[in-house]
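Input: a single structure, listed below in structure tokens.
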Amino acid sequence: MNCEVCQLKELVLEPLEIREVLRCVLHTIVFHRALGLVRPKDVDCELFEITYVHCGDADLDKKIEEKIDQFMIWVEKHPNRKCQVSLSFYEVKNKQPTWFSNRIERLYWEQWHINLHVVTPKTHGKSHHSKVPVNSEEDVLKESSSRRAALEDSLREVLFHIIKFVNDKKDHIPPIPNNEVISFPYEISIPR
């Protein structure tokens with residue numbers, strides 16, 4: 001089986017923005033690959049002028065939030081890093097049993113790589129090496145505002161890339177095994 005891989009554009013963001021960005025991207029991907037019965041729900045981002053749709057499934061929401069929480073803990077321990085969160089869809093097949101085991105194999109058919117560069121927000125104040133102010137509060141706010149606008153534009157690009165990918169790449173999707181909201185097993189991988 002052919003596994004399609006989608007590398008999404010790197011998003012430069014601060015820790016405060018991670019949760020909102022990952023919710024938006026992960027829910028958008030899962031919604032477009034949820035081949036069962038869904039109850040679409042529009043969600044307005046709190047930090048950006050962006051609305052996305054998610055499946056309206058409590059179990060899915062819980063799993064995504066748990067992974068985001070785990071990722072936030074990782075970011076606290078590894079500040080100012082480039083990293084990747086991956087979402088993979090697969091189907092489960094029983095492999096030929098051997099004498100000692102009944103093996104199950106995961107056949108991945110699609111992988112999404114969400115590339116993030118987490119940066120520490122700049123602060124104003126004085127450098128500990130000199131008495132000269134590093135950045136005025138006004139400069140910091142302007143820079144933060146312009147960086148957030150750039151992130152919003154990049155996030156829009158990523159969402160359009162997701163939509164284009166799911167519309168263009170359909171031939172690799174295996175037959176739907178059931179009528180659940182999320183028809184195929186999936187996993188969300190975070191850095192370790």
Side-chain angles (χ1 to χ4, degrees), residues 4-33 41-55 60-89 108 110-166 186-192:
E4 291 287 343
V5 177
C6 185
Q7 286 281 350
L8 297 173
K9 174 182 178 174
E10 180 179 271
L11 298 170
V12 179
L13 67 170
E14 294 178 0
L16 173 72
E17 299 158 332
I18 293 171
R19 187 171 300 281
E20 193 75 20
V21 166
L22 283 178
R23 279 180 186 147
C24 181
V25 174
L26 290 170
H27 279 291
T28 298
I29 295 167
V30 172
F31 175 77
H32 286 283
R33 287 304 188 222
K41 181 179 170 192
D42 285 351
V43 178
D44 294 323
C45 290
E46 294 174 17
L47 300 175
F48 310 104
E49 292 292 319
I50 293 177
T51 300
Y52 63 94
V53 180
H54 74 70
C55 297
L60 173 66
D61 289 347
K62 184 179 175 195
K63 287 178 186 176
I64 288 176
E65 287 303 313
E66 286 171 0
K67 282 297 182 177
I68 293 173
D69 290 342
Q70 291 171 14
F71 182 68
M72 296 294 289
I73 291 167
W74 183 88
V75 166
E76 285 176 17
K77 295 176 184 173
H78 306 90
N80 291 324
R81 295 282 275 297
K82 289 187 178 193
C83 50
Q84 189 174 76
V85 174
S86 298
L87 171 60
S88 303
F89 294 96
Y108 291 90
E110 192 167 86
Q111 293 182 325
W112 296 82
H113 299 298
I114 305 161
N115 298 296
L116 304 172
H117 183 186
V118 181
V119 296
T120 303
K122 294 198 173 161
T123 59
H124 64 282
K126 294 184 178 163
S127 166
H128 65 279
H129 295 296
S130 72
K131 295 180 179 165
V132 179
V134 177
N135 287 323
S136 73
E137 189 171 349
E138 186 178 319
D139 289 344
V140 170
L141 289 173
K142 278 183 188 175
E143 187 175 325
S144 177
S145 176
S146 112
R147 194 201 49 73
R148 180 151 305 159
L151 173 59
E152 184 172 325
D153 289 342
S154 294
L155 183 55
R156 268 196 190 88
E157 281 181 50
V158 164
L159 296 176
F160 284 124
H161 185 181
I162 292 167
I163 293 166
K164 182 174 180 3
F165 185 92
V166 298
Y186 65 94
E187 66 184 6
I188 300 170
S189 307
I190 60 171
R192 294 180 182 247

Looking at every non-hydrogen atom in both residues, tell me the closest pair between [X] and [Y] and how far apart they are.
X   : Y    : answer
L16 : L47  : O-CD1, 3.9 Å
L22 : L116 : CD2-CD1, 4.0 Å
L13 : L11  : CD2-O, 3.2 Å
V5  : H113 : CG1-CD2, 3.5 Å

With a 4.5 Å cut-off on side-chain heavy atoms, are [Y] and [X] touching?
X    : Y    : result
E17  : R148 : yes
V30  : H54  : no
R81  : V118 : no
L155 : C24  : yes
L8   : F165 : no
K82  : N115 : no
Q70  : K67  : yes
L60  : F31  : no

At what distance, to the nearest 0.5 angstrom, does [atom1] of [X] lie from [atom2] of [Y]?
X    : Y    : atom1 : atom2 : value
E187 : L87  : CD    : CG    : 9.0 Å
R23  : D61  : CZ    : CG    : 9.5 Å
T28  : I162 : OG1   : CD1   : 5.5 Å
I29  : I114 : CD1   : CD1   : 4.5 Å
W112 : Q84  : CH2   : CD    : 13.5 Å
R19  : E65  : CZ    : CD    : 5.5 Å

Please verify the inter-ring angle class for Y52 with H27; under 30° counts as parallel, over 60° as perpendicular, anything in between as tilted.
parallel
T51 backbone acceptor or donor facing D44 side chain under 3.5 Å
no
Looking at E46, is its backbone amide N or carbonyl O close enough to the side chain of E20 to form a donor-acceptor pair, meaning the two atoms are under 3.5 Å apart?
yes
Going by the rule ring pair (Phe, Tyr, Trp, His ring centres under 6.0 Å), which residues pair with H161 if we only count those two or more places apart in sequence or in a different chain?
none
May I have the step-by-step check of side-chain contact (heavy atoms from CB on, under 4.5 Å) for K9 and S154, ending in yes or no?
CA-CA 8 Å; K9 174 182 178 174; S154 294; 3.4 Å; yes
Determine, stepwise, if the pair E152 / I50 fulfils side-chain contact (heavy atoms from CB on, under 4.5 Å).
CA-CA 8 Å; E152 184 172 325; I50 293 177; 4.0 Å; yes
For Y186, run the side-chain contact (heavy atoms from CB on, under 4.5 Å) check against K63, E110, R33 and tell me which one passes.
K63
Name of the residue among D69, I73, V75, I68 meeting side-chain contact (heavy atoms from CB on, under 4.5 Å) with F71:
V75
Is it true that E143 and R147 make a salt bridge, defined as a side-chain N closer than 4.0 Å to a carboxylate O?
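No, E143 and R147 are not salt-bridged.
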